[in-house]
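Worksheet: the structure to be examined is printed underneath.
Below, read A as the first sequence line, B as the second, and so on, with proteins coming before strands; counting in each chain starts at 1.
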Amino acid sequence: MSAPVTPRLRFAPSPTGPLHIGGARTAIYNWAAARALGGRFLLRIEDTDQARSTKASLENILESFRWLGLDWDEGPEHGGDFGPYFQSERLDIYARYGARLLASGHAYECFCTSEEVEAGREALKAAGRSPMYDRRCRDLSDAQREELRGSGRVASLRFRMPLDEDLTVHDLGKGQVVVNLREVDDWVMVRAGGMPLYNFACVVDDLEMGITHVVRGEEHFVNGVKQLVMFRALGQPAPQYAHIPLILGKDGKKLSKRDASTAVLDYRDHGYSADAVFNYIALLGWSFSGDQDLFTRDEMVARFAIPDIGKSGAKFDEEKLQWMAGEYVRRAAIDDLVAWTKPFVLAAGAVPESAYASHPDLLRNLVRCNQERIRLFPELPPKLGYYFTDPEPDDAARKNLAKFPDAPQWLAAYAELLGDSAIPPSYPKDRGDADRVAVLPTDRNASLPDRSAVPFLLPAHLEEDARALADRLGIKFGNLVHPLRAALTGTDKGPGLFDIVYLLGRERCLARLSASSR
RNA sequence: GGCCCGUUCGUCUAGAGGCCUAGGAUACAUGGUUCUCAUCCAUGCGACACGGGUUCAAAUCCCGUACGGGCUACCA
């Protein structure tokens, strides 16, 4: 009996651009599979294309991982026993494998130039056959090789694929697929310059790093075939591959920038909850259960299995992502939500920065009062501005103010009522315990607390008093509330009006009322 | 062109021969709650691509067609 093998999975991006949604989904599935299997998850950087690899892309990928909550056990910044984890630092290892495959006859030197290979392809195409390398260097004699070398040509290394074989591939994503190997090129393993290419380096690393499962996009299916054959040539077992469909845009084609932001961090910058983005991406091609769309990372790990990944392409639907972002906002712990929205609030200048430190409970209440009214973080600042700056009434507010000629008198009456009431002072004054005593928004189903038990009248008391005032004035409650809201907030929508009065405080309310009833 | 894969409400999906007059979510519509908006609740709208088989029975199995996607680099 052989020893149990620790499952090891990897995500192996090339740092040639920001991490995009599709890559993130692949990463999530590999991560979840590693965790579900009780294995290890590693990050390997495939930077053999020196011309296109950048440091900024690497940083972007790592930051995307951190933001999404994907932790890796081995790789950049974490080390590990199977390093180095940058392919550019593993060149000697590739050289060793290249020599070995050359010696065993599984690889051969090719002296063709790119132009010659391309010309050969064109010729085949013209003859109605599949365009591929014509294999003219496959069976060169030693003498011929020396002659080519002597003429100044530099060899690349090609893999000698079987010429005629039906290979049965067992793919965790696609099931059993029979591939005619004659359809597959003698692919280049090492460039003429000596740099290894993807398929070659990938096999060496997956082997050396003990990778057991690989989940990746189906654009890699044929690569998988090449890699399988190379593992066989090495006499080593290949990982289990799962090739999964791509994420599509609205037009049904591979997701592109035309459809939506494709970079993961754009969603961070646009104020989406990271948990929501993780959850939504995970759902693109995998389902938690028949009737539950929202789940945590731990819940996903508890249920995830590679064969359950869907077989057909999923379209990226930004509307559902937004709904999900809203769900996560509504479920968020208040201190998290305050922290997440803070950069957006400050950037918009909606709240003085010092207020976060001097009036934390006021901030909590302000955010809580809007928690069910926003989906993305940038939606919050416009709803907070009027607590700190006198608003300019919008059209709807103006209309509510002008609807009844008597409204100014009603507002004056309300101002008088407020003037005689015990309500908290306005920011930046010290509001004492006001924002701790009242945890807003007010629960309409809660019973009315005793007035003598609290230092200030609570919103529920204020409402009770306002209803009494409306009765005295002989008007409907709504006729008082609508102009009042307009005068106080400059708009016709928002949290419960008496929560607003409470949060606005005495000075601001009275000032705005006197301005409006003039 | 060749090779490979896929096809359930607009979208994401559940469904692994009878539990399906196909379930959930989103979106949309209507109604309810409320001082507004939002939330929430209720209801509605809406799909097994098509054609043949196999079977007592098919969304589920097989074949074909159509449509869609991927690959076809000295990129990954």
Side-chain angles (χ1 to χ4, degrees), chain A residues 12-17 23 46-49 51-53 110 112-114 117-118 121 124-125 128-133 156-158 169 171 173-175 177-180 182-185 187-193 195-199 201-202 216-223 225 243 245-246 248 250 252-254 280 283-294 310-324 326 330 370-375 383 396 400 441 444 463 466-467 470 476-482 484-486 489 491-498:
Chain A
S14 70
T16 52
E46 309 217 324
D47 54 353
T48 54
D49 188 341
R52 296 195 303 147
S53 296
C110 171
C112 299
T113 63
S114 300
V117 172
E118 187 53 36
R121 254 194 283 271
L124 280 171
K125 203 170 175 179
R129 308 231 281 113
S130 284
M132 46 200 302
Y133 174 56
S156 59
L157 204 60
R158 282 187 187 267
V169 177
D171 192 274
K174 294 184 177 299
V177 181
V178 179
V179 181
N180 301 316
R182 73 186 77 91
E183 307 288 343
V184 184
D185 244 333
W187 47 281
V188 178
M189 300 162 57
V190 182
R191 291 178 171 91
M195 267 313 250
L197 253 9
Y198 169 68
N199 285 115
C202 184
R216 70 213 328 185
E218 69 181 355
E219 75 266 27
H220 283 295
F221 183 77
V222 176
N223 289 328
V225 172
H243 290 97
L246 274 19
L248 281 12
K250 278 223 182 311
K253 300 210 189 305
K254 197 166 167 173
Y280 181 72
L283 225 34
L284 246 27
W286 181 77
S287 76
F288 179 76
S289 73
D291 58 7
Q292 186 182 331
D293 280 349
L294 266 32
K311 312 273 182 269
S312 54
K315 291 183 185 170
F316 186 84
D317 180 8
E318 190 149 4
E319 266 183 351
K320 185 154 182 177
L321 206 206
Q322 290 210 6
W323 161 77
M324 198 169 276
R330 266 165 250 139
N370 289 288
Q371 188 160 8
E372 60 192 30
R373 268 167 268 264
I374 66 167
R375 309 196 306 295
K383 299 181 188 301
N400 282 345
R444 290 176 181 279
E463 175 171 346
R467 286 185 187 276
K476 288 196 296 187
F477 185 53
N479 289 167
L480 174 62
V481 159
H482 295 311
L484 188 52
R485 177 182 291 279
T489 72
T491 180
D492 67 337
K493 38 180 81 71
L497 183 55
F498 300 97

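Heavy atoms of Gly494(A) sit under 4.0 angstrom from at least one base atom. Counting any heavy atom pair closer than 4.0 Å across all strands shown, Asn199(A) reaches no nucleic acid atom. Contacts of Arg52(A) with the nucleic acid, taken as non-hydrogen atoms under 4.0 Å apart, include base atoms. Contact annotation for Lys250(A): no contact, since no heavy-atom pair falls under 4.0 Å across all strands. In this structure, Ala192(A) reaches the bases: a heavy-atom distance under 4.0 Å links it to at least one base atom across the strands shown. Within 4.0 Å of His243(A), counting heavy atoms only, lies no atom of the nucleic acid at all. Backbone-only engagement by Thr48(A) is indicated by non-hydrogen atom pairs under 4.0 Å involving sugar-phosphate atoms exclusively. Across all strands shown, Pro245(A) has no heavy atoms under 4.0 Å from either base or sugar-phosphate atoms. Nucleic acid contact class of Arg444(A) (heavy atoms, under 4.0 Å, all strands): base. Within 4.0 Å (heavy atoms only), Arg467(A) reaches sugar-phosphate atoms of the nucleic acid but no base atom. Contact annotation for Ile374(A): no contact, since no heavy-atom pair falls under 4.0 Å across all strands. Here Asp492(A) lies in heavy-atom contact (under 4.0 Å) with a base. Across all strands shown, Lys320(A) has heavy atoms under 4.0 Å from base atoms, whether or not it also approaches the sugar-phosphate. Across all strands, Leu197(A) comes closer than 4.0 Å only to sugar-phosphate atoms, never to a base (heavy-atom distances).
Counting heavy atoms from C-beta on, the side chains of Met189(A) and Asn199(A) never come closer than 4.5 Å. When side chains are defined from C-beta on, His482(A) does not count as touching Asp492(A), because their heavy atoms never get closer than 4.5 Å. For the pair Arg375(A) and Leu321(A), the minimum side-chain heavy-atom distance is 4.5 Å or more.
A pairwise comparison of heavy atoms in Pro245(A) and Gly310(A) identifies CD-O, 3.4 Å as the closest pair. The minimum heavy-atom distance linking Tyr133(A) with Arg121(A) is given by the pair N-NH1, 4.2 Å. Closest of all the heavy-atom pairs between Lys311(A) and Gly173(A) is CD-O, 3.0 Å. Heavy atoms only, all atoms of each residue included: Arg330(A) and Glu372(A) are closest at CG-CA, 3.9 Å. Summarising the geometry of Glu218(A) relative to Lys174(A), their closest heavy-atom pair is OE1-NZ, 2.7 Å, with the distance given to 0.1 Å. Nearest approach of Arg373(A) to Lys383(A), heavy atoms of both residues: O-CE, 3.6 Å.
Between Phe316(A) and Tyr280(A), the ring planes are perpendicular. Angles over 60° get that label, and only those under 30° would be called parallel.
Pair assignment for G2(B) gives C71(B), based on Watson-Crick or G-U wobble hydrogen-bonding distances that are each under 3.5 Å. For G31(B), the paired nucleotide is C41(B), the pair qualifying as Watson-Crick or G-U wobble because both relevant distances are below 3.5 Å. When Watson-Crick and G-U wobble pairs are counted only if both distances are under 3.5 Å, A14(B) pairs with no nucleotide at all. The base-pairing partner of U54(B), taking Watson-Crick or G-U wobble contacts with both distances under 3.5 Å, does not exist among the strands shown. Under the Watson-Crick and G-U wobble criteria, each requiring two contacts below 3.5 Å, nucleotide G46(B) is left unpaired. Nucleotide C9(B): unpaired (no Watson-Crick or G-U wobble partner with both distances less than 3.5 Å). Across all strands shown, U60(B) remains unpaired; no Watson-Crick or G-U wobble contact has both distances below 3.5 Å.
Using atom P as the reference point in both G24(B) and A14(B), the two lie 15 Å apart (nearest Å). Going from the C1' atom of U39(B) to that of U33(B) covers 11 Å, rounded to whole Å. Comparing A59(B) with G52(B), their P atoms sit 14 Å apart, to the nearest whole Å. G70(B) sits 25 Å from C62(B) when the P atoms are compared, rounded to a whole Å. Using atom P as the reference point in both U60(B) and C48(B), the two lie 12 Å apart (nearest Å). U21(B) and C5(B) have their C1' atoms separated by 34 Å, given to the nearest Å. As rounded to the nearest Å, U54(B) and G68(B) have C1' atoms that lie 28 Å from one another. Only the C1' atoms considered, A22(B) is 9 Å distant from A47(B), to the nearest whole Å.
Nearest-nucleotide mapping onto RNA chain B: of Trp286(A) and Gly496(A), the residue sitting toward the 5' end is Trp286(A). Both Ser312(A) and Pro495(A) lie near RNA chain B, and the one whose nearest nucleotide falls closer to the 5' end is Ser312(A).
Running 5' to 3' along RNA chain B, contacts with non-hydrogen atoms of chain A at under 4.0 Å begin and end at G1(B) to A76(B).
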